[in-house]
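A short write-up of the structure that comes next.
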Amino acid sequence: MWKHRFKPSDIHWEHLWENAMRLRKEAECKTPGIERERLLRLARQAEIGAEMSQWLRSPGPRPPK
């Protein structure tokens with residue numbers, strides 16, 4: 001039996017950024033309250049996820065040649 005393995009793609013972080021921008025735009029249309037705060041929290045979580053995804057996929061420091 002084999003296990004399906006997830007392979008992260010390069011566009012994953014782009015999707016997260018687009019989702020964060022959409023959520024922020026949606027939150028701008030709402031009046032201050034619970035729903036607006038929920039949307040802003042979700043947007044921030046998407047931004048953090050995108051930043052972490054980029055950070056994890058970065059090559060990091062390279063040794064001198």
Side-chain angles (χ1 to χ4, degrees):
M1 181 181 265
W2 60 278
K3 290 184 179 182
H4 179 73
R5 297 189 186 264
F6 174 74
K7 290 185 178 181
S9 66
D10 290 334
I11 60 171
H12 180 68
W13 65 271
E14 291 173 357
H15 175 70
L16 288 170
W17 277 116
E18 290 169 0
N19 193 28
M21 291 180 357
R22 181 187 58 79
L23 288 166
R24 285 202 182 274
K25 190 177 283 189
E26 190 176 334
E28 288 176 3
C29 298
K30 301 283 184 181
T31 58
I34 295 173
E35 182 63 20
R36 182 178 180 171
E37 292 302 318
R38 185 183 72 79
L39 291 171
L40 291 173
R41 187 177 341 110
L42 289 173
R44 185 65 187 140
Q45 287 175 353
E47 290 169 352
I48 291 170
E51 290 170 0
M52 288 180 66
S53 180
Q54 282 183 305
W55 177 68
L56 290 170
R57 295 184 62 77
S58 70
R62 303 204 184 250
K65 290 185 178 183

Can you see which heavy atom on A46 is nearest to which on A20, and at what distance? CB-CB, 3.8 Å

Rounded to the nearest 0.5 Å, how far does CZ of R44 lie from CG of L23? 13.0 Å

Under the side chain to side chain contact (heavy atoms under 4.5 Å, CB included) test, which residues partner Q54, sequence neighbours left out? W13, W17

Atom pairs and distances, side-chain donor-acceptor, residues 28-36, under 3.5 Å, sequence neighbours left out:
from, atom 1, to, atom 2, distance (Å)
E35, OE1, R38, NE, 3.4
E35, OE2, R38, NH2, 2.8

Between R22 and E26, is there a side-chain N and carboxylate O pair less than 4.0 Å apart? yes

L40 and R24: side-chain contact (heavy atoms from CB on, under 4.5 Å), yes or no, with the steps? CA-CA 6 Å; L40 291 173; R24 285 202 182 274; 3.6 Å; yes

Atom pair CG/CD of L42 and E47 - distance to nearest 0.5 Å: 11.0 Å

